[in-house]
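Everything on this sheet refers to the single structure shown next.
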Amino acid sequence: MANFFKTCLKGFYMSLGLFCAIPLPARIWDDSCKHLVLPCLPLAGILIGAIWWGAAELLVLSGVHLFLTAAAVAVSPFLLTGFLHLDGYMDTSDAILSRRPLEEKLRILKDPHAGAFAVIALVILAIMQFAALYAIVDGEKNLAMLAFIAVISRCCSSLALFCLKIMPQSGFAAMLRQNTKTMHKIFVIMLAVSAGTAAFLYAGLHALAVLLCVIAGFAGALACSYREFKGVSGDLTGHSLVLGELCGLIALAVI
């Protein structure tokens, strides 16, 4: 039993190292635990979400101007992840909006340079995320929902990489899915149900509506990119995660 918990803890630590920019004492990688990285992604989301929520509460309580508070809270999730998912959002947006043949889209997806469509998509995202968070802070909405949004979006990402066809060009995503089993998917689903239940108990039907918007936004974005690329990858799930969280923030602001 001790070895089991030690292995799970190592998988969680590896997931933090891959998907977070939070400073860690050391970088650990063990091939025997790589099948636990994706199941532990929502657990990393708990930490990211807790810090996101805590930072927002501290800024509000400190009396910082609403514009500065909204701006800081808007960039917090990107800072906490080292802009990893934002990079996927920009690359995927650049490729999809180019409206080129599949081969050219794949080239654009892997191009390290930011194209015009990536910049346009980033500007739109920044405006919408800032506006949503300004409305949330100004309307004194339930900031704890930030934590639940971060968890649910990562549950969606894990399940997408577990269940859908991996693009041949995405070797890293395929590697992380190796040796995963049905129990890993069930674990992620249980985490999502637990998060949804906790959110409902904390904030009622309003919370469920917000989380459903996260899921709908993620699913819509992923369906679009899956149709374009005939598969999923880390970039595509990052793109969907960013848009899913944005949909959740907009829902939190207006509901």
Answer yes if F162 and M167 sit in the same cluster of Ile, Leu, Val, Met, Phe, Trp and Tyr residues linked by side chain heavy atoms under 4.5 Å apart, and no otherwise. no
When you look at NZ of K181, are more than 12 heavy atoms from neighbouring residues, nucleotides or ligands closer to it than 6.0 Å? no
Is a donor on one side and an acceptor on the other found under 3.5 Å between the side chain of T180 and the backbone of L176? no
Pair I166, S233 - check side chain to side chain contact (heavy atoms under 4.5 Å, CB included), show working. CA-CA 6 Å; I166 301 292; S233 69; 6.0 Å; no
Within one Ile-Leu-Val-Met-Phe-Trp-Tyr cluster: L252 and L66, side-chain cutoff 4.5 Å: yes
Could you pull out the closest heavy-atom pair between A173 and G234, with the gap in Å? CB-N, 4.4 Å
If only atom types and distance count, is the side chain of K185 paired as donor or acceptor with the main-chain N or O of P39 below 3.5 Å? no
Strictly distance-based, threshold 3.5 Å: is any side-chain N or O of R99 a donor or acceptor partner for the main-chain N or O of L97? yes
Side chain S93, main chain M90, donor-acceptor under 3.5 Å: no
M190, CE atom: more than 12 neighbouring heavy atoms under 6.0 Å: no
CD1 (I250) and CD (Q129) are apart, to the nearest 0.5 Å, by 9.0 Å
Quick one: do I186 and L159 end up in the same hydrophobic cluster if we chain Ile, Leu, Val, Met, Phe, Trp and Tyr together by side-chain heavy atoms under 4.5 Å apart? no
Roughly how far apart are W52 CH2 and T81 OG1, rounded to 0.5 Å? 10.0 Å
Assigning hydrophobic clusters by single linkage (Ile, Leu, Val, Met, Phe, Trp, Tyr; side-chain heavy-atom cutoff under 4.5 Å), is L191 placed with L36? no
Which label fits H184 and H35: parallel for a plane angle under 30°, tilted from 30 to 60°, or perpendicular past 60°? perpendicular
Using the side chain to side chain contact (heavy atoms under 4.5 Å, CB included) rule, take C247 and V214 through it: C-alpha gap first, then chi angles, then the decisive distance, then the call. CA-CA 6 Å; C247 290; V214 175; 6.0 Å; no
Can you see which heavy atom on S158 is nearest to which on L38, and at what distance? OG-O, 2.7 Å
Rounding to 0.5 Å, atoms CG (L9) and SG (C40) come to a distance of 9.0 Å
Working note: I136 + V73, criterion side chain to side chain contact (heavy atoms under 4.5 Å, CB included); need CA distance, chi angles, decisive distance, verdict. CA-CA 10 Å; I136 290 168; V73 179; over 6 Å; no
Out of curiosity, does L61 fall in the hydrophobic cluster containing L143 (side-chain heavy atoms, cut-off under 4.5 Å, transitive links)? no
The test is side chain to side chain contact (heavy atoms under 4.5 Å, CB included); show your working for L241 and C156 and say whether it passes. CA-CA 8 Å; L241 183 149; C156 291; over 6 Å; no
Drop me the distance from L133's CG to T69's OG1, to the nearest 0.5 angstrom. 10.5 Å
With no hydrogens and no angle check, is any side-chain donor or acceptor of R107 less than 3.5 Å from a backbone partner on E103? no
Do you know the tightest heavy-atom contact between S157 and F218? OG-CE1, 3.4 Å
Working to the nearest 0.5 angstrom, can you tell me the gap between L222 CG and L164 CG? 6.0 Å
Rounded distance (nearest 0.5 Å) linking atom CG of D94 with atom NZ of K105: 12.0 Å
Using a 3.5 Å distance criterion without hydrogens, assess whether the side chain of Y89 forms a donor-acceptor pair with backbone atoms of A121. yes
Give me the ring orientation class for Y202 and F148: parallel if the planes are under 30° apart, tilted from 30 to 60°, perpendicular past 60°. tilted
Using the test ring-ring contact (aromatic ring centres under 6.0 Å, His included), find all partners of F200 that sit at least two apart in sequence or belong to another chain. none
Would you check if the side chain of R177 reaches a backbone N or O of L161 as a donor-acceptor pair within less than 3.5 Å? yes
